[in-house]
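These notes are about the structure you will find just below.
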Protein chains: 2
Amino acid sequence: MTEQPAQTTTAGDPATARGEQTRQLIRDTAMRLFRERGYAQTTMRAIAQEAGVAVGNAYYYFGSKDHLIQEFYAQSQVEHRAAAQPVLDREEAFGPRLAGVLHAGIDVLTPSHGFAATFFKTAAEPTSPLSPFSAESSGPRQAAIDLFGEVLTGSTATVDAELRPQLPELLWLAYMGVILYWVHDRSPGQTKTRQLIDGAVPLVDRLVTLSRLRVLRPVTRQVLDLIRTLRH
Amino acid sequence: MTEQPAQTTTAGDPATARGEQTRQLIRDTAMRLFRERGYAQTTMRAIAQEAGVAVGNAYYYFGSKDHLIQEFYAQSQVEHRAAAQPVLDREEAFGPRLAGVLHAGIDVLTPSHGFAATFFKTAAEPTSPLSPFSAESSGPRQAAIDLFGEVLTGSTATVDAELRPQLPELLWLAYMGVILYWVHDRSPGQTKTRQLIDGAVPLVDRLVTLSRLRVLRPVTRQVLDLIRTLRH
DNA sequence: CGCCCTTCTTGAACGTGTTCAACTACCGAC
DNA sequence: GTCGGTAGTTGAACACGTTCAAGAAGGGCG
């Protein structure tokens, strides 16, 4: 099952080199322990021991304990994409598509609610490479934004031409807001978050539709100008 | 300068007891070092040493390093209230009052942008008592919400009767959003955050005014119902 | 086979936040 | 004044994340 050795092995990239198995072993062990015990309660020593390697070995593959979180990020994004596929195949109207994709995201995260809540603290730090806004997370982030692009592309909705290119990112931002709420959601099974989605989506839907009205054109433009200004 | 000893000293309350001076000394030292070196770079040992006390003594007054942040919270809130007073005295229209109060908040925080950004990570953790949504922060939070209540009370604006009671908290929530943006704002002097305030306030103003229109009544109610549902 | 170089692995050591058993300072009661 | 109890204070000890010098494993090349 070993891959052919890459001809040009870039120096700082362990991903294609020998230790790929070890890397995955450590990652999977960490994810399991995070789920079982929570993030703070899982020590690097415990991860190393359970994986049968030395502590320093974990640091060879992952720069810090926080960097293991980024693995979780990426993995969740992939699962989200997969879970959203049926919705994108089935639904045609904008509202149901958006709601479905949002629900799919929460579906994927639900088993990890306990520890994911804890780790989002790290994600909130602006200086951290783990921030969803950081350059280091741009991969998963762009994938997520593209997912919301697909929500639009495949839908029957007609959107204001100026709003259109900004909308995927705005929807992703709204999704971040949903997650922020979800993280703080103490209701059993995070029912409230579901209500948030079901309640907010029709509003967003209406808003997007209304944005085309001539009367609201100035407001639409004003909002879009503001957003463009604020973008980094 | 010593206060009269409180007659009924509640057991778990060091605030009114002898060590009040020490408490303040540690707090002030911590705040100074946080500003000088940043949060992560300031060790508890350094705080203790600079304050001339033992490490354990700091833990007698503050449960953890994070709890020192809550002091910063409370202090900032008081300063915010003071800085907002001139605006509340001067302005009468809703828009300028809101903008002024928001700017005042950022004014107060600006000198601490470097380290405040770092510490907001801790605030984002839902399980932490430091979260602005937590019960333990309810004091400063309520004070902040009341401040936005004053923005409304003193203004000439007429607000939808059903929206009115919810509005202060919603404005506070918007303020939290501004702070979240500010924390990530890398523009020199955080100019972008100022633009966000100046750009968003007119929109909020218009939205609040429009909420009274008969045509929009259903939407207003829909939004308010959703908010009421989502409240904890 | 022997050599060299890169990749991978190790675990002791460091600095950190935090805890805690022991100690001291103070104050009211008798 | 002495006693007793609470408030305040101490610093060594602990567990954790992280670093790093040292070594092992592997593979290409003569």
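Chain A is the first sequence line, chain B the second, and so forth, proteins listed ahead of strands; every chain is numbered from 1.
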If the cut-off is 4.0 Å, is A/Tyr60 near the phosphate of C/dT9, judged by side-chain N/O to OP1 or OP2?
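For C/dT9, neither OP1 nor OP2 has a side-chain N or O of A/Tyr60 closer than 4.0 Å.
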Take the protein atom [atom1] of [X] and the nucleotide atom [atom2] of [N], then report the distance between them rounded to whole Å.
| X | N | atom1 | atom2 | value |
| --- | --- | --- | --- | --- |
| A/Leu68 | D/dG17 | CG | P | 11 Å |
| B/Arg23 | D/dT9 | CZ | P | 12 Å |
| A/Glu20 | D/dA25 | CD | P | 22 Å |
| A/Gln49 | C/dT9 | CD | P | 18 Å |
| B/Gln41 | C/dG15 | CD | P | 16 Å |
| B/Arg37 | C/dT16 | CZ | P | 10 Å |
| A/Phe34 | D/dG17 | CZ | P | 9 Å |

What's touching nucleotides 22-26 of chain C from the protein side, N or O pairs under 3.5 Å?
none

Heavy atoms from C-beta onward define the side chain here; which of D/dT9, C/dC8, C/dG17 lies closest to that of B/Thr22?
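In terms of side-chain proximity for B/Thr22, the closest of D/dT9, C/dC8, C/dG17 is D/dT9.
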From C-beta outward on B/Thr43, which listed nucleotide comes closest to its side chain: C/dG11, C/dG17, D/dT9?
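The closest nucleotide is C/dG17.
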Please find the pair of heavy atoms, one from A/Leu109 and one from A/Ser76, that lie closest to each other, and give the distance.
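Of all heavy-atom pairs spanning A/Leu109 and A/Ser76, the closest is CD2-OG, 4.0 Å.
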My understanding is that only residues two or more places apart in sequence, or in another chain, count here; which of them pass ring pair (Phe, Tyr, Trp, His ring centres under 6.0 Å) with B/His113?
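Partners of B/His113 under the ring pair (Phe, Tyr, Trp, His ring centres under 6.0 Å) test: B/Trp182.
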Ring pair (Phe, Tyr, Trp, His ring centres under 6.0 Å) with A/Phe115: which residues, sequence neighbours excluded?
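With neighbours one apart ignored, the set is A/Phe34, A/Phe72, A/Phe119.
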Hey, do the aromatic rings of A/His67 and A/Tyr59 have their centres closer than 6.0 Å?
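A/His67 vs A/Tyr59: aromatic centres not under 6.0 Å.
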For B/Ser187, side-chain hydrogen bond (donor to acceptor under 3.5 Å, both in side chains) partners two or more places apart
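side-chain hydrogen bond (donor to acceptor under 3.5 Å, both in side chains) list for B/Ser187, sorted by chain: B/Asp185.
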Please identify each residue that fulfils side-chain hydrogen bond (donor to acceptor under 3.5 Å, both in side chains) with A/Gln166, with sequence neighbours left out.
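Result, side-chain hydrogen bond (donor to acceptor under 3.5 Å, both in side chains) vs A/Gln166: A/Arg231.
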Is the B/Phe148 ring parallel, tilted or perpendicular to the B/His80 ring (thresholds 30°, 60°)?
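Because their plane-to-plane angle is over 60°, the rings of B/Phe148 and B/His80 count as perpendicular.
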N-O pairing of A/Arg194 and A/Asp107 below 4.0 Å
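Looking at A/Arg194 and A/Asp107, the cut-off is met.
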Salt bridge or not between B/Arg23 and B/Glu71? Use side-chain N to carboxylate O under 4.0 Å.
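B/Glu71 and B/Arg23: salt-bridged.
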Check the interface with nucleotides 18-20 of chain C: list each N/O to N/O pair with the protein under 3.5 Å, or write none.
unit_1 : atom_1 : unit_2  : atom_2 : d
C/dT18 : OP2    : B/Tyr59 : OH     : 2.9
C/dT18 : OP2    : B/Lys65 : N      : 2.7
C/dT18 : O5'    : B/Tyr59 : OH     : 3.4

